[in-house]
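Heads up, the thing below is written out as structure tokens.
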Amino acid sequence: MKISEIQPIVLTSKEKGAATWASSMILVKLVTSNGEIGYGEAVPTLRIISVYNAIKQVSKSYVGKEVEDVEKNYHEWYKQDFYLGRSFESATSVSAIDIASWDILGKELGAPIYKLLGGKVRDKVPVYANGWYKDCVTPLDFAERAKEVMGRGYKAVKFDPFGEYFNWIDEMGLRESEERVKAVREALGEDAGILIEHHGRFNSKSSQLVAKRLEKYNPLFMEEPVHHEDVEGLKEYRERTNVRVALGERLVSLKEAYFYISQGLVDVLQPDITNIGGVTIAKKVVDIAEARDLEIAFHNAFGPIQNAVSIQVSATVNNLLMLENFYDWFPQWKRDLIGNVTPVEEGHVRVLEKPGIGVEVNEKLVDELKAEPEALDVKEEPVWVVGGTWKRYLK
Ligand SMILES: O=C(O)C(=O)C[C@H](O)[C@H](O)CO
Ligand SMILES: [Mg+2]
């Protein structure tokens, strides 16, 4: 079937999520010549306007092509764009269109896309909680909230304990972050998974100090410990610490992922299907990672379409550690958008059997939430942290 239309749709609502970027999403609606509709999702963060416009440009390479030709269509854009490997806007746009294409592929064949990827290795996907620690500042705040999360049946929690520190961290910062992690470890016991999110905020020297301080609390992994582009700093961090490194949410191509895998720079790879090149590229990345016995934990921080496709692909990945999940801390409208069909139950999400990405989009709600693309405010607290946590408590 030929692609006849691709439409980027900005959705937002007054209800704010756990972080500013959580209060909006960019839905991509793809329509074929015989009226079949597929959905994808692109990443907004601080690029709502530029991603919205980039989708319109990338669509010029897809409209008129056969929707089933996902490989051919991706490689055509890869050839045309020249900057794909350096452009987040281009990468998330082509990823969203690819996801929508796979959604249609599944619908056309009457199969959830896990069946098109080699079948399930699991009927439900283990998940860890993120987004749960809005407004947590003191160690007690984190500990009490983490206990509530585990009370919901989660087995692992991720959080960023570093407050407002960036680049450097001093003794007070080390003490603050240690007290927060210690309180969560003591609250949850030794068996709970504790994943430490650094958001790529530190230089290597600072991050090494953090690792030495937090290692005793047995973190499952240290995510993005150094600035994303600091490869030398990451190498030094790996040489001088004994913790597992997770990264991948900012990777925008197969070759970029291959670099980190082949250089031995990562233990847990976190590709983001809405950034890396959609399903078409994510499945290649997973296979390369498997060849190096890396574990996969897809980054999954945005909306319900990303969540749905991440569940489908996670179902097929033998080397899956667990899937990230903000679902219980989404703004309600994000759950309503897909009829709340992907709830987290006892730390797992069922793999859905509906064709395509497995969910149906509430078109009426799309019409209600549709918004013009506009720039987000830039405040003292960056949009990439969970709201209300960019704070110190030891004055
Ligand atoms: O979920 C994660 O691992 C994140 O790092 C969330 C980030 O703040 C988000 O992806 C920024 O766009
Ligand atoms: Mg992260």
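On a predicted model such as this, the values are computed, not experimentally measured, just so you know. Whatever order the structure lists ligands and atoms in, that order sets their numbers, starting from 1. In this chain, residues are counted from 1 in sequence order. Only heavy atoms go into these numbers, but all of them, side chains included; no hydrogens, no water, no symmetry mates.
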Notebook entry, point to check: Is it the side chain (CB and beyond), the backbone, both or neither of Q270 that lies under 4.0 Å from ligand 1, heavy atoms counted?
Noted result: neither

Item checked: Part of H199 with heavy atoms under 4.0 Å of ligand 1, whether side chain, backbone, both or neither -> side chain

Next item on the list: For atom NZ of K354, decide whether the heavy atoms of other residues, nucleotides or ligands shown that lie under 6.0 angstrom number more than 12.
Entry: no

Next item on the list: Verify whether the ring centers belonging to H227 and F166 lie closer than 6.0 Å.
Entry: yes

Notebook entry, point to check: Would Y133 and W329 count as a close aromatic pair, with their ring centres under 6.0 Å?
Noted result: no

Check: Any luck finding a side-chain donor-acceptor pair between N325 and Y154 under 3.5 Å?
Finding: no

With heavy atoms of [X] as the reference, note each atom of ligand 1 found under 4.0 Å away.
X: H299; answer: 1 (O), 2 (C), 3 (O), 4 (C), 6 (C), 10 (O)
X: A301; answer: 1 (O)
X: F302; answer: 10 (O), 12 (O)
X: F326; answer: 1 (O)
X: T45; answer: 12 (O)
X: N130; answer: 1 (O), 2 (C)

Between [Y] and [X], does any NZ, NE, NH1 or NH2 come within less than 4.0 Å of an OD or OE carboxylate oxygen?
X: K284; Y: D287; answer: no
X: E239; Y: K235; answer: no
X: K2; Y: E66; answer: yes

Notebook entry, point to check: Contact between E223 and ligand 1, counting heavy atoms under 4.0 Å?
Noted result: yes

Check: Would you say K158 contacts ligand 1, with heavy atoms under 4.0 Å as the rule?
Finding: yes

Check: Parallel under 30°, tilted from 30 to 60°, perpendicular over 60°: which one fits the rings of H199 and W384?
Finding: tilted

Notebook entry, point to check: Parallel under 30°, tilted from 30 to 60°, perpendicular over 60°: which one fits the rings of F202 and H198?
Noted result: perpendicular

Item checked: Contact (N/O only, under 3.5 Å) between E249 and ligand 1 -> yes

Next item on the list: Using the side-chain contact (heavy atoms from CB on, under 4.5 Å) rule, take Y62 and L30 through it: C-alpha gap first, then chi angles, then the decisive distance, then the call.
Entry: CA-CA 10 Å; Y62 273 77; L30 191 156; 5.6 Å; no

Check: Mind checking what makes salt bridge (Lys or Arg N to Asp or Glu O under 4.0 Å) contact with E290, not counting sequence neighbours?
Finding: none

Item checked: Count, waters excluded, of protein N, O or S atoms under 2.8 Å from the Mg ion (ligand 2) -> 3

